[in-house]
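Letters A, B, ... mirror the listed sequences (proteins, then strands); counts begin at 1.
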Protein chains: 2
Amino acid sequence: MTMVRQTRQRAAVIEVLQASRAHPDAAWIHAQVRAQLPSVSLGTVYRTLDALVRDGVVVTIERAGQATRYDYRHDGQDHHHAVCRSCGAIFDVAAEALPVIPTLGLPEGFQVTGVRLEFMGVCPTCAGTQNPAQAGVAQRNHH
Amino acid sequence: MTMVRQTRQRAAVIEVLQASRAHPDAAWIHAQVRAQLPSVSLGTVYRTLDALVRDGVVVTIERAGQATRYDYRHDGQDHHHAVCRSCGAIFDVAAEALPVIPTLGLPEGFQVTGVRLEFMGVCPTCAGTQNPAQAGVAQRNHH
DNA sequence: TTTAATGCAAACAATTTGCAGTAGA
DNA sequence: TCTACTGCAAATTGTTTGCATTAAA
């Protein structure tokens, strides 16, 4: 039987994740965790995040060439994202604001474990400016 | 004024894209293009694909650590995807099968240019087998 | 004790970029 | 002609992996 172990580093990663709604990436999470446990490696952060994603506790926003952003599902609440094409800022969109998406048109027998909905577009700041805002983890909802 | 030029390599990339509904990645597209124009570089393929994505002609499916898959929007028709977590197979889901998604709950002033909807889950083949199918470009809708 | 989880560093792979040369307009 | 586009190769960068060690159960 496989056995999942409760470790200090795993707890730290989860804690950082829960405390942030800024859609952090692995490197940022790593830095935060190191403030508590200086010896934790980036590899461990990645492995822990993978496990959390598999468990459905954490959701990812993946963009080619850019670091994956991780999003803790607070209270198991579903929500979706609006991603600015220009500056990379990510905004939360409450799932309640959207209708339940029926799983029609799927291949016969496909078992859905999660739905990912992303609105691509231009955020208010970038829409109004010539020079787009700088993307970053710290900066969020920059409007 | 910027000027977009019609080049042989760009035409070849578009042609390959239009001919395939298998959600190919850049390397596969490159190989196909080279069958016609052996000198075309992978860099050019990437640059061309980027332009097509910007123009909204092509849609991407991005997964961390894996190659981005490119999907030509035939007839400008919107459609979404079902991605198998186990083998990576990608299935098309007709947009008609889904309700129009209202853009409520978005940040004030966010201009939506595209919606990306992905059903994550397990495909019929992987659900029924212990050992998952091999993911690949050639293999599509393996049920 | 048993073996999952870790830290470290090296390996990998996808994508981007600088630059000199090519070819559309 | 003019300059967008190309090919090439090197550089980046996010992510994964092998292995000896540590620590949770």
Return yes if some donor-acceptor pair links the side-chain N/O of T60(A) with the main-chain N/O of E62(A) below 3.5 Å, else return no. no
Can you measure L42(A) atom CG to dC8(C) atom C1' for me and round it to whole angstrom units? 11 Å
Going by heavy atoms in the side chains, are E118(A) and V115(B) under 4.5 Å from each other? no
I29(A) CD1 to dT15(D) P: how many Å, rounded? 10 Å
Rounded to the nearest Å, what distance is computed from the CD atom of residue Q66(B) to the P atom of nucleotide dA13(C)? 12 Å
Atom pair distance, as rounded to whole Å: OH in Y46(A) and C1' in dC8(C): 16 Å
Can you find an N or O donor on one side and an acceptor on the other, under 3.5 Å apart, linking the side chain of R47(A) with the base of dG7(C)? yes
Please tell me which of the listed nucleotides, dT15(D), dT6(D), dT6(C), lies nearest to the side chain of T7(A)? dT6(C)
With nearest nucleotides of DNA chain D determined for R34(B) and R10(B) from heavy-atom distances, which residue corresponds to the more 5′ nucleotide? R10(B)
Can you tell me how far P of dT6(D) sits from CG of L49(B), to the nearest Å? 11 Å
Short side-chain N/O contact from R8(B) to OP1 or OP2 of dG24(C), under 4.0 Å: yes
Does OP1 or OP2 of dA5(C) have a side-chain N or O of T44(A) closer than 4.0 Å? no
Closest to the side chain of V4(A), out of dA5(C), dT15(C), dG7(D), is dA5(C)
Hey, what's the ring geometry for H23(A) with H79(A), parallel, tilted or perpendicular (30° and 60° as the breaks)? tilted
When the distance from CD of Q6(B) to P of dT3(D) is rounded to whole Å, what number comes out? 21 Å
Could you tell me how far apart D25(A) (CG) and dT15(D) (P) are, to the nearest whole angstrom? 8 Å
Whether the side chain of R5(B) and the base of dT3(D) hold a donor-acceptor pair under 3.5 Å is what I'd like checked. yes
Residues, nucleotides or ligands: over 12 heavy atoms within 6.0 Å of Q18(A) CD: yes
Can you check the D50(A) CG to dG14(D) P distance for me, whole Å? 16 Å
Toward the 5' end of DNA chain D, by each residue's nearest nucleotide, A64(B) or L37(B): L37(B)
For dT15(D) and T68(A) - does any side-chain N or O of the residue sit under 4.0 Å from the phosphate oxygens OP1/OP2? yes
So what does R63(B) touch, heavy atoms closer than 4.0 Å: a base, only the sugar-phosphate, or nothing? nothing
How close do L106(A) and A82(B) get, heavy atom to heavy atom, and via which atoms? CD2-CB, 3.7 Å
